[in-house]
Amino acid sequence: MNYIGSKRRLSSFLKETITDIVGDLSDKVFCDLFAGTGIVGKSFKSDVKKVISNDLEYYSYVLNRNYIGNYQAIDYAPYIDILNSVEPKEGFIYKHYCLGSGSERNYFSDENGKKIDGVRQEIERYKSDEDLYFFLLASLIESADKIANTASVYGAFLKKLKKTALQPLWIEPALFETDIKSHEVHNRDSNELICEIEGDILYLDPPYNARQYGANYHILNTIALDDQFHPSGKTGMRDYHRSNYCKRRVAAKSFEELITNAKFEYIFLSYNNEGLMSKNTVSELMKKFGNYQLIVTDYKRFKADNNTNRNHKANSTMEYLHILQRR
């Protein structure tokens, strides 16, 4: 999935660094508190005693409930076949996010919008089997994202259907790593959840600028939630949570509150030189709680170019990994 702030390119660096500092992970509880698409949590799933995964956005919860929460094999092939053979329906996505319905929105081709609606309705039949349900729903979200007519995020759609958006929706299984250990997945405000959990390693990757994830990925939330509301404005926005970590005036205060309440020995914060909180602000705050160090790595982050139909251009970014071992 094309995702703002994804740590896919940094996952090996993060795992190696965390392992070097913490040591043996086999008896450790690892918490990914702002999990996003679950890239970091997935990389630790088989190595730690338990992963606690959390994100306030529901589409993210669905992905992590599958990739982290599911740990026993599912005989998925018959269900994926059923989803790929369902009849298209003129449901909520088609009516509000496809041109053919008269919505004036162009997030999906008419055919794909109807197919998404048909598949989403079919998935509701399996809600009594929670593991299967979230597996199928994650598969739909991942597959729908591949044929979305956007420049990476859903804050706007493209005027003309690009090449990938013309491809028919095909549901691919959202495969997860099987395990013998169960894990926790939450859909909570991070600053509230931190007061109720504890463990050994706390990994933090909060929003670092003013872009709200609930706005940038509102279509994925709409597919995941399958609810009824009145889409707003040209882009068909839904109401969404506005994170304090996207607000310059309160980001540092929220972060200090989180660290104060964290019952974890090791805390790792991913941030970068474009963040609302400065490097010095973060370091001075964390130093108050124990032994602090900073590791900096330079990597190429890729930004969507709205004028080139989801092509990408490289942008060099300084990634900061702030490290705290509490006293």
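Because the structure is a prediction, the values reported are computed rather than measured.
Other residues, nucleotides and ligands place more than 12 heavy atoms under 6.0 Å from the CG atom of D227. Crowding of K253 atom NZ: a count of heavy atoms from other residues, nucleotides or ligands under 6.0 Å not exceeding 12. Atom NZ of K181 sits in a crowded spot, with more than 12 heavy atoms from other residues, nucleotides or ligands closer than 6.0 Å. Within 6.0 Å of CD on E196 lie more than 12 heavy atoms contributed by other residues, nucleotides or ligands.
Residues S283 and L294 have side chains not in contact (no heavy-atom distance under 4.5 Å, counting atoms from C-beta outward). Taking 4.5 Å as the limit, every side-chain heavy atom of R65 sits out of range of all side-chain heavy atoms of L137. Considering only heavy atoms from C-beta on, N209 stays 4.5 Å or farther from C246 through its side chain. In this structure the side chain of N149 reaches within 4.5 angstrom of the side chain of K162, judged on heavy atoms. A 4.5 Å side-chain heavy-atom check between K288 and I259 finds every atom pair outside the cut-off. Two residues are said to be in side-chain contact when any heavy atoms from C-beta on lie closer than 4.5 Å; N84 and I80 meet this criterion. At a threshold of 4.5 Å between non-hydrogen side-chain atoms, the residues K279 and H322 count as touching. Looking at Y133 and I123, their side chains come closer than 4.5 Å, going by heavy atoms from C-beta outward.
Note: H183 NE2 to N64 CG = 12.0 Å, rounded to the nearest 0.5 Å. Distance check, rounded to the nearest 0.5 Å: CG of N244 to CG of L258 gives 11.5 Å. Here the OH-CG distance, from Y292 to L285, works out to 10.0 Å after rounding to the nearest 0.5 Å. Note that the CD1 atom of I116 and the CD1 atom of I93 stand 6.0 Å from one another [nearest 0.5 Å]. Distance check, rounded to the nearest 0.5 Å: CZ of F289 to NZ of K287 gives 14.0 Å. In this structure, C31 SG and L204 CG are separated by 8.0 Å, a value rounded to the nearest 0.5 Å.
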Can you list the steps and then say if K42 with E177 is a salt bridge (Lys or Arg N to Asp or Glu O under 4.0 Å)?
CA-CA 8 Å; K42 283 193 288 185; E177 186 173 358; over 6 Å; no
Working for side-chain contact (heavy atoms from CB on, under 4.5 Å), residues V40 and D205:
CA-CA 10 Å; V40 175; D205 185 20; 5.9 Å; no
Are Y126 and I82 close enough, and set up right, to give a side-chain contact (heavy atoms from CB on, under 4.5 Å), and what steps lead you there?
CA-CA 12 Å; Y126 307 104; I82 290 171; 3.7 Å; yes
Under the side-chain contact (heavy atoms from CB on, under 4.5 Å) rule, what do Y245 and F34 come out as? Steps first, then yes or no, please.
CA-CA 11 Å; Y245 291 94; F34 300 86; 3.8 Å; yes
Between D200 and K49, does a salt bridge (Lys or Arg N to Asp or Glu O under 4.0 Å) hold up when you go through it step by step?
CA-CA 10 Å; D200 304 289; K49 181 169 67 175; 5.7 Å; no
Can you check side-chain contact (heavy atoms from CB on, under 4.5 Å) on S143 and L169, steps first, answer last?
CA-CA 7 Å; S143 300; L169 173 69; 3.9 Å; yes
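If you check the side chains of Y154 and T235, you find no donor sitting under 3.5 Å from an acceptor. Under 3.5 Å, the side chains of D24 and S26 contain a donor-acceptor pair of N or O atoms. Using modelled atom types and a 3.5 Å distance limit, the side chains of Y240 and N216 yield no donor-acceptor pair.
Residues T297 and L10 come closest through the heavy atom pair CG2-CD2, 4.1 Å. E172 approaches K146 most closely through the heavy-atom pair CG-NZ, 4.4 Å. Between F229 and G236, the shortest heavy-atom contact is CE1-O, 4.4 Å. Across all their heavy atoms, P206 and Y271 have their closest contact at CG-CE1, 4.3 Å.
In terms of modelled atom types and a separation under 3.5 Å, the side chain of D117 and the main chain of E90 share no donor-acceptor contact. At least one donor-acceptor pair under 3.5 Å links the side chain of N187 to the backbone N or O of L56. A donor-acceptor pair under 3.5 Å is absent between the side-chain atoms of D32 and the main chain of S53, judged by distance alone.
Aromatic pair Y79/F135: ring centres not closer than 6.0 Å. Between Y61 and F134, the ring centre distance stays below 6.0 Å.
Checking T37, N54, V185, D55 one by one against S60, the side-chain contact (heavy atoms from CB on, under 4.5 Å) holds for a single residue, D55.
Of the charged side-chain nitrogens involved, at least one lies within less than 4.0 Å of a carboxylate oxygen, so that E124 and R120 count as a salt-bridged pair.
The aromatic rings of Y97 and Y107 stand perpendicular to each other, their planes meeting at an angle above 60°, with 30° marking the opposite boundary.
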